[in-house]
> 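The following block contains the structure, expressed as structure tokens.
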Protein chains: 2
Amino acid sequence: MALTERSGSHRIAIKEGTVAVTIRDVARASGVHISTVSRTFSAPHLVNPETRSRVLATAEQLGYRPNRAARALITGRTHNIGLIVADIANPFFPPLIKAAETHARRRDYHVFVADTDEDPIVELDLVQALAKQVDGILLCSPRMSDDQIEQVRREVPLVVINRMITGLPAVVMDVGHGAREAVRHLLDLGHRHLVYLAGPRGSWTNREIRRAAGATTRAAGAELTVLGPNQPVEETGAAAAEAVRRTCATAVLAYNDLMAIGLLQALQDRGVDVPGQVSVVGIDDIAYSGLVRPRLTTVANPTAAAGRAAVDMLLQQGDDGATGQVTLRTDLIIRNSTGPGPYAPAVALNAEVAATVKE
Amino acid sequence: MALTERSGSHRIAIKEGTVAVTIRDVARASGVHISTVSRTFSAPHLVNPETRSRVLATAEQLGYRPNRAARALITGRTHNIGLIVADIANPFFPPLIKAAETHARRRDYHVFVADTDEDPIVELDLVQALAKQVDGILLCSPRMSDDQIEQVRREVPLVVINRMITGLPAVVMDVGHGAREAVRHLLDLGHRHLVYLAGPRGSWTNREIRRAAGATTRAAGAELTVLGPNQPVEETGAAAAEAVRRTCATAVLAYNDLMAIGLLQALQDRGVDVPGQVSVVGIDDIAYSGLVRPRLTTVANPTAAAGRAAVDMLLQQGDDGATGQVTLRTDLIIRNSTGPGPYAPAVALNAEVAATVKE
DNA sequence: CTCCATTCGGCAAACGTTTGCAACAGATTA
DNA sequence: TAATCTGTTGCAAACGTTTGCCGAATGGAG
């Protein structure tokens with residue numbers, strides 16, 4: 001460990017060639033007390049403009065950067081946010097992460113991202129580990145039980161994304177709305193037997209979709225078969241092709257685009273025409289849903305907006321104890337993976353029926 | 001701000017209902033000095049097993065968690081790693097991030113992920129901001145100049161991924177090798193006029209591919225047209241379809257799968273058969289390259305391995321000053337987006353030609 | 001019984017900040 | 001002229017740890 005002589009005092013060069021320059025160095029070099037330097041950065045209005053600019057100049061020249069650990073120690077705020085997701089590699093999350101990160105940075109916060117691999121135990125571990133080094137945690141589509149979340153909540157400020165827990169601040173996408181729209185779209189096209197290709201157990205979103213789809217089909221006197229639960233990846237979507245065919249359903253709503261795409265390709269591979277024989281609808285509108293052929297009809301989730309809203313809620317939480325719950329709108333995007341079903345009305349009628357159902 | 005009476009001293013409840021329990025509380029509760037508690041956690045062999053278990057028990061019971069900021073302040077190590085990528089939403093990165101994160105966690109490190117939006121200025125900003133709160137930074141496919149990286153390097157330990165800078169620890173994927181294989185594959189198939197659909201300026205990878213592709217085509221007496229530079233996203237791939245057609249080339253190597261997929265779909269949309277009329281090769285082997293139809297022939301990059309290797313290098317860097325450079329192998333994966341070109345040899349000849357070229 | 005080695009645990013300084021308090025100057029008011 | 005106020009700065013305590021140093025206790029050897 002190299003020792004470096006500097007300004008008459010010994011300093012440890014933690015990283016070779018790098019000497020940490022502190023507030024004290026700046027103070028000495030500009031002939032003021034350290035508290036003045038501190039204030040120059042954290043409460044500029046309290047220091048004489050002249051002094052301030054002098055301090056800033058020497059700080060700049062010396063290459064001073066405030067030590068956030070020290071600051072955190074005394075203020076109790078780290079200016080870090082934890083963001084926990086089930087799977088970074090799932091294309092649903094990156095836009096959310098990106099938005100949250102950019103938004104946080106604009107408020108001088110940094111984001112720690114952690115990946116739970118869809119495992120509730122890892123999830124709990126991560127929250128605990130992160131709790132002390134962040135000012136709050138964004139819990140995305142958690143797989144933990146409500147109880148566990150309640151418990152964790154006592155250790156660290158929390159905002160939950162895509163799960164509704166009473167008394168807990170949350171940002172949810174109203175996926176029920178999107179699912180209803182999707183099912184109505186399929187019914188309007190003349191499909192009377194649908195499949196819901198379910199997502200992972202423990203997912204609030206999954207329950208919401210299932211409930212919405214069930215209610216809407218039932219109300220229309222149509223049939224809904226639920227296949228699942230499944231891991232929300234393409235493989236399971238592809239693997240479900242067989243089962244889907246066996247149900248004789250003509251339309252499928254999948255828990256997410258990944259599964260929808262997997263299913264779509266598997267169906268095509270075994271010679272099933274999409275949307276000629278089977279219509280497929282996804283959820284999320286990930287970047288690839290517009291790239292596959294046929295382009296995927298899907299429910300667009302405002303993930304970026306959700307990320308931003310969650311960051312805002314978390315940062316506000318410090319000020320007052322108000323725990324809001326924000327619901328974001330989701331919308332059906334009709335592309336080419338859905339087409340007329342066996343009971344398709346005449347084109348002229350189509351609009352009329354749609355109008356009626358929507359009222 | 002709520003004040004809470006506790007053990008006769010005043011404590012600030014930073015987060016309502018949450019009182020931070022410190023080493024001091026544990027010490028008091030278990031009747032030992034704080035240093036003993038500290039040692040129980042950071043140097044267990046120095047404390048009597050009996051005392052240790054008693055301390056651990058009360059710590060557990062009180063819900064004590066070490067304050068990493070305080071620890072960082074004195075040890076100079078934060079146990080955090082910064083990971084800077086150009087674009088989280090680019091599916092090339094998530095597997096790398098995920099691997100790095102998991103690997104780091106196993107060594108009791110956390111990862112901060114930041115996204116530069118492909119902007120070298122943001123990149124520099126981020127490195128500087130992160131420098132003080134992490135023990136080192138993983139710089140993924142940087143877009144900064146070598147000089148800037150050299151400068152930053154003096155502020156914080158660095159490992160660069162996908163860029164070779166002399167004297168700087170780096171993990172690179174030998175994309176030149178993959179590109180050569182890809183080009184040979186196309187030549188073997190009888191293509192004599194290729195296009196390289198280039199990536200972003202400032203990218204080391206881009207230069208490597210271009211150089212490798214150029215050298216290989218030239219050696220075979222074939223022609224290579226370079227189109228670019230381009231932002232590495234599908235849109236630019238799709239937008240390039242027109243230009244590709246104009247070149248009359250029969251095979252395209254793209255900077256990455258995203259662009260390859262964009263191009264592939266755009267070609268198909270305008271009635272060009274892939275691989276019948278044009279062969280397309282991507283690079284990266286992102287999850288979707290196997291999902292599009294035709295499945296994409298591509299160069300597989302060991303991104304997860306790269307992430308792990310980079311973490312290892314960074315953490316070792318602390319021990320000695322050794323700066324290694326690791327090169328990871330890339331491999332061509334032949335799928336369905338490539339087919340015979342206008343000068344295709346007879347099938348029997350094919351293997352022979354391949355053998356010759358490879359010698 | 002004395003001495004020494006060993007093991008354990010306490011003491012206190014240090015890490016780099018922030019912040020309440022007090023001091024001081026100069027300006028304003030009574 | 002004295003009193004008050006305002007703006008600027010210094011002083012020192014705190015934040016929660018780690019760690020070098022030293023003393024106490026213990027046990028074994030002589």
Side-chain angles (χ1 to χ4, degrees), chain A residues 1 3 6-7 9-15 18-28 30-55 59 62-79 131-133 135, chain B residues 1 3 6-7 9-14 19-28 30-55 59 62-79 131-133 135:
Chain A
M1 203 157 292
L3 282 176
R6 196 166 175 298
S7 308
S9 75
H10 288 283
R11 311 290 295 285
I12 296 177
I14 304 172
K15 302 144 187 176
T18 309
V19 186
V21 22
T22 77
I23 212 177
R24 214 171 303 271
D25 299 313
V26 178
R28 197 155 24 203
S30 48
V32 296
H33 194 262
I34 60 161
S35 56
T36 303
V37 179
S38 170
R39 277 190 277 259
T40 303
F41 291 100
S42 52
H45 61 281
L46 287 181
V47 13
N48 189 318
E50 214 170 286
T51 323
R52 192 198 313 163
S53 58
R54 185 156 42 96
V55 170
L62 263 49
Y64 166 75
R65 306 219 169 256
N67 179 326
R68 291 175 93 124
R71 187 178 283 180
L73 187 54
I74 194 152
T75 62
R77 337 217 99 257
T78 60
H79 269 248
K132 273 295 166 8
Q133 24 184 2
D135 294 341
Chain B
M1 204 155 293
L3 283 176
R6 197 166 173 297
S7 306
S9 75
H10 289 283
R11 311 290 293 286
I12 294 178
I14 304 171
V19 187
V21 24
T22 77
I23 212 178
R24 214 172 302 272
D25 299 313
V26 179
R28 198 156 22 201
S30 49
V32 296
H33 194 261
I34 60 162
S35 57
T36 304
V37 179
S38 170
R39 279 190 274 257
T40 304
F41 290 100
S42 52
H45 61 281
L46 287 182
V47 16
N48 189 319
E50 214 171 287
T51 325
R52 192 199 311 162
S53 58
R54 186 156 40 96
V55 169
L62 263 48
Y64 166 76
R65 306 214 170 261
N67 179 327
R68 290 175 94 123
R71 186 177 285 180
L73 187 55
I74 195 151
T75 60
R77 336 217 100 256
T78 60
H79 269 248
K132 274 295 168 8
Q133 27 185 357
D135 294 341

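Chain letters run A, B, ... following the sequence lines, proteins first, then strands; residues in each count from 1. Quick note: numbers below take in every heavy atom, side chains included, and nothing from hydrogens, waters or symmetry partners.
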> Using only side-chain N and O atoms of B:S38, determine if any of them is under 4.0 Å from OP1 or OP2 of D:dT18.
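So the side-chain polar atoms of B:S38 do come within 4.0 Å of the phosphate oxygens OP1 or OP2 of D:dT18, strictly under.
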> Among residues at least two apart in sequence or on other chains, which ones pass side chain to side chain donor-acceptor pair (under 3.5 Å) with B:T78?
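B:T78 satisfies side chain to side chain donor-acceptor pair (under 3.5 Å) with B:D135 only.
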> What nucleotide among C:dT18, D:dC15, C:dC15 has an atom nearest to a side-chain atom of A:S42?
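Nucleotide nearest to A:S42's side chain: C:dT18.
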> How close or far is atom P of D:dG16 from atom CZ of B:R28, stated in whole angstroms?
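Those two atoms, CZ and P, are 11 Å apart.
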> Could you list all N or O pairs between the protein and nucleotides 5-9 of chain C that sit under 3.5 Å apart?
residue	atom	partner	partner atom	Å
C:dG9	OP1	B:T51	OG1	2.4
C:dG9	OP2	B:N48	N	3.1

> Do you know which two heavy atoms are closest between A:Y64 and A:P66, and how far apart they sit?
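Closest approach of A:Y64 to A:P66: OH-CA, 3.2 Å.
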> Hey, does B:R24 reach any base, or is it just sugar-phosphate, or nothing, if we go heavy atoms under 4.0 Å?
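B:R24: base contact, heavy atoms under 4.0 Å.
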> Between B:G31 and B:L73, who's closer to the 5' end of DNA chain C by nearest nucleotide?
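Nearest nucleotide further toward 5': that of B:G31.
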> To the nearest angstrom, how far is A:L62 atom CG from C:dG16 atom P?
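Atom-to-atom, A:L62 to C:dG16, this comes out as 14 Å.
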> Just call it for A:Y64: base, sugar-phosphate, or nothing, with non-hydrogen atoms closer than 4.0 Å on any strand.
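The answer is sugar-phosphate, as A:Y64 gets under 4.0 Å only of primed atoms, P, OP1 or OP2.
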> Specify the closest pair of heavy atoms between B:G63 and B:V21, including all atoms of both residues, with the distance to one decimal.
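Nearest pair, atom of B:G63 first, then B:V21: O-CG1, 3.6 Å.
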> When the distance from CZ of A:F41 to P of C:dG16 is rounded to whole Å, what number comes out?
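Taking CZ of A:F41 and P of C:dG16, I get 16 Å after rounding.
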> Measure from CG on A:D25 to C1' on C:dC15 and round the result to the nearest Å.
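Computing the A:D25:CG to C:dC15:C1' distance gives 13 Å.
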> Taking atom C1' of C:dC15 as reference, at what distance in whole Å does atom CZ of A:R65 sit?
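After rounding, the gap between these two atoms is 20 Å.
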> Angle, rounded to 10°, between the helical axes spanning five pairs at each terminus of the helix from C:dC1-D:dG30 to C:dA30-D:dT1?
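Terminal axis comparison yields 50°.
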> What residues form a side-chain contact (heavy atoms from CB on, under 4.5 Å) with A:I34, not counting sequence neighbours?
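A:I34 satisfies side-chain contact (heavy atoms from CB on, under 4.5 Å) with A:I23, A:R24, A:A27 only.
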> Residues two or more places apart in sequence or in another chain: which of them pass side-chain contact (heavy atoms from CB on, under 4.5 Å) with A:S35?
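Applying side-chain contact (heavy atoms from CB on, under 4.5 Å) to A:S35 gives A:H33, A:R39.
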> Does anything in residues 42-55 of chain B pair up under side-chain hydrogen bond (donor to acceptor under 3.5 Å, both in side chains), and if so which pairs, sequence neighbours excluded?
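As it turns out, there is no side-chain hydrogen bond (donor to acceptor under 3.5 Å, both in side chains) pair with a partner in residues 42-55 of chain B once direct neighbours are skipped.
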> Evaluate the side-chain proximity of A:N67 to A:T22: yes if any heavy-atom separation is below 4.5 Å, no if none is.
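In short, these two side chains do not touch, never coming nearer than 4.5 Å.
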> B:I74 has an atom CD1; how far is it from atom P of C:dG16, in whole Å?
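So the two atoms are 10 Å apart, to the nearest Å.
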> For the NE2 atom of A:H79 and the CD atom of B:Q133, what is their distance to the nearest 0.5 Å?
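So the gap between those two atoms works out to 10.0 Å.
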> Write down the distance between CG (B:N67) and P (C:dG16), rounded to a whole number of angstrom.
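Roughly 16 Å, once rounded to whole Å.
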> Please check the phosphate of D:dT18 (OP1 and OP2 only) for any side-chain N or O of B:R71 closer than 4.0 Å.
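B:R71 to D:dT18 OP1/OP2: side-chain N or O found under 4.0 Å.
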> Starting at CD1 of A:I23 and ending at P of C:dC15, how long is that distance when rounded to a whole Å?
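Whole-Å distance recorded here is 14 Å.
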